[in-house]
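Each remark here refers to the structure printed beneath this line.
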Amino acid sequence: MHKFLRAVGLSDIKKEELEKICKDIEEKPDTIKVAEDSEGNEFAELCHQFGDFFGLTLRGTYREDDTFEMDYYYPYFFGTMLSTREQAEVEKHAEKESYAGICDEVRLGVTLIFYLQNVADYLSVKNNKFYMSQANGTVLAALSTEGKILLPINKDEHKQKLTEQTMNERNGLIAAARKGDEDAIENLTLEDIDTYSLLSRRVQHEDILSIVDSYFMPYGIESDQYSILGEIMDCRLLQNSYTEENVYAIDIKCNDVEFPICINQKDLIGEPAVGRRFKGNIWLQGSINYRD
């Protein structure tokens, strides 16, 4: 059983019931995409929605008699906003026909690794250099099985503008450092030393979450899972049409990168609202936009 099934409202599902759901999806999928996989087989993605933008995807191959053979399934949540315009590379996982997307997002400060959702689209264009070069950013989304709501940090308008200006300047330095600018590398090093010194002093008499506005860092041993803290930009309560469980779709802004999170209502501590902050662990997914 997939750990993140509960995030899309399938928390109490039994193995036999899940097998029945998968069989029903095979017979009547909401959407189907077909492409040729790395071994020359007819690879297919069959999706079924249980609510707005979330559901279950089956992946497998078609036999010669046109019957579908499922290799694996995974719960999904599709984003609707473009989260990053950085160039994304794609790498195949070793054990099955699944892929990871990788890009260097300077705003996050880490190499961004996500579970690729639109594998069929990628397989269709991967051998065409023109379409691969026309990739237009990545739409990110995430599933979570544990999270809590925190109060916001009190920031006035002047401080907010100053923070944005500082962030833009830092992003410019990082971009220059990536191109080998030694002055930028030195400035970033000195800035990090000053930041560490300031935090060391403040943390002695302040709570760390009143100092740190947001963060995005790897969590556990799996490369596409992260621990995050970000500001809530929007929030919607949705219902799984099959189990009638409630899930939250929460749009957050984390280190200036925006993406939505889907989490079961009973796994979230606190009441989400615009302006408050979400803190939790996520499984990051994403779709690379390939232009038609």
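The side-chain heavy atoms of Asn289 and Val139, taken from C-beta on, include a pair separated by under 4.5 Å. When side chains are defined from C-beta on, Asp52 does not count as touching Arg236, because their heavy atoms never get closer than 4.5 Å. Side-chain contact check for Asp71 versus Phe43: every heavy-atom pair is 4.5 Å or farther apart. Two residues are said to be in side-chain contact when any heavy atoms from C-beta on lie closer than 4.5 Å; Tyr242 and Asn240 meet this criterion. Looking at heavy atoms from C-beta onward, Leu112 lies in side-chain contact with Phe216 at the 4.5 angstrom threshold. No side-chain heavy atom of Val247 sits less than 4.5 Å from a side-chain heavy atom of Val8. Proximity of Glu42 to Arg63: side-chain heavy atoms (C-beta onward) are nowhere separated by under 4.5 Å. You'll find the side chain of Gln285 stays beyond 4.5 Å of the side chain of Phe114, heavy atoms only.
Between the side chain of Asn264 and the main chain of Arg6, a donor-acceptor pair closer than 3.5 Å is present. Checked by atom type and distance alone, the side chain of Ser83 pairs as donor or acceptor with a backbone atom of Glu258 at under 3.5 Å. Of the possible polar contacts, one joining the Ser124 side chain to the Ala120 backbone as a donor-acceptor pair under 3.5 Å is found. A distance-only check finds no donor-acceptor pair linking the side chain of Thr61 to the backbone of Asn41 [under 3.5 Å]. Asn118 places a side-chain N or O within donor-acceptor distance of the main-chain N or O of Ile288, the cut-off being under 3.5 Å. Judged by distance alone, with hydrogens and angles left aside, the side-chain atoms of Glu26 form no donor-acceptor pair with the main-chain N or O of Thr67 at under 3.5 Å. With hydrogens and angles disregarded, a donor-acceptor distance shorter than 3.5 Å links the side chain of Thr243 to the backbone of Gly9.
The neighbour count for Lys23 NZ, taken as heavy atoms of other residues, nucleotides or ligands under 6.0 Å away, does not exceed 12. Counting heavy atoms of neighbouring residues, nucleotides and ligands inside a 6.0 Å radius, atom CD of Glu191 exceeds 12 of them. The local environment of CD in Glu182 is sparse, with at most 12 non-hydrogen atoms from other residues, nucleotides or ligands closer than 6.0 Å.
Aromatic rings from Tyr226 and Tyr219 are positioned such that their centres are separated by 6.0 Å or more.
In this structure, Cys254 SG and Arg277 CZ are separated by 11.0 Å, a value rounded to the nearest 0.5 Å. Here CZ of Phe4 is found 12.0 Å from OH of Tyr115. Values are rounded to the nearest 0.5 Å. Atoms CD and CD1, on Glu206 and Ile211 in that order, are 4.5 Å from each other to the nearest 0.5 Å. Note that the CD1 atom of Ile282 and the CD1 atom of Ile263 stand 10.5 Å from one another [nearest 0.5 Å]. Here the straight-line distance linking atom CG of Leu10 with atom CD of Glu17 works out to 8.5 Å at 0.5 Å rounding. Note that the CD atom of Glu231 and the CD1 atom of Ile153 stand 10.0 Å from one another [nearest 0.5 Å].
Taking hydrophobic clusters as Ile, Leu, Val, Met, Phe, Trp and Tyr residues chained together by side-chain heavy-atom distances below 4.5 Å, Ile269 does not share a cluster with Leu229. Linking Ile, Leu, Val, Met, Phe, Trp and Tyr whenever their side-chain heavy atoms come within less than 4.5 Å puts Tyr74 and Val34 in one cluster. Under the 4.5 Å side-chain heavy-atom criterion for grouping Ile, Leu, Val, Met, Phe, Trp and Tyr, Leu58 is connected to Tyr62 within one hydrophobic cluster. Grouping the Ile, Leu, Val, Met, Phe, Trp and Tyr side chains by contacts below 4.5 angstrom, directly or via other members, places Tyr72 with Ile21. The hydrophobic clustering, which links ILVMFWY residues whose side-chain heavy atoms are closer than 4.5 Å, places Tyr215 and Leu198 apart.
Residues Gly79 and Ala141 come closest through the heavy atom pair N-CB, 3.6 Å. The two residues Gln49 and Ser241 make their nearest non-hydrogen contact at O-OG, 4.4 Å. Residues Cys103 and Thr84 come closest through the heavy atom pair SG-CG2, 4.3 Å. Between Leu123 and Glu36, the shortest heavy-atom contact is CB-O, 3.7 Å. Closest approach of Pro272 to Ile250, counting heavy atoms only: CB-CD1, 4.2 Å. When every heavy atom of Thr57 is checked against every heavy atom of Glu45, the shortest pair comes out as CG2-CB, 4.4 Å.
Between Asp24 and Lys20 there is a salt bridge, since a side-chain N of the basic residue sits under 4.0 Å from a carboxylate O of the acidic one. In this structure, Asp12 pairs ionically with Lys266, as a charged nitrogen and a carboxylate oxygen lie closer than 4.0 Å.
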Let's go through Ser214 and Asn255 carefully: what are the C-alpha distance in whole Å and the side-chain angles of both, what is the deciding distance for side-chain hydrogen bond (donor to acceptor under 3.5 Å, both in side chains) to 0.1 Å, and is it a yes or a no? CA-CA 6 Å; Ser214 68; Asn255 286 27; 2.8 Å; yes
Apply the test side-chain contact (heavy atoms from CB on, under 4.5 Å) to residues Thr145 and Asn281: give CA-CA distance (whole Å), side-chain angles for both, the deciding distance (0.1 Å), then the verdict. CA-CA 7 Å; Thr145 57; Asn281 303 321; over 6 Å; no
Mind running side-chain contact (heavy atoms from CB on, under 4.5 Å) on His48 and Asp30 for me, showing each step along the way? CA-CA 5 Å; His48 176 73; Asp30 290 340; 3.1 Å; yes
Residue pair Leu5, Leu56: steps toward the side-chain contact (heavy atoms from CB on, under 4.5 Å) verdict: CA-CA 9 Å; Leu5 281 174; Leu56 207 61; 3.6 Å; yes
Might you work through the salt bridge (charged side-chain N to carboxylate O under 4.0 Å, His left out) test for Lys253 and Asp256, ending with a clear yes or no? CA-CA 6 Å; Lys253 186 176 184 179; Asp256 210 33; 3.4 Å; yes
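Taking the six-membered ring where tryptophan is involved, the planes of His2 and Tyr73 are tilted, since the angle between them lies from 30° to 60°.
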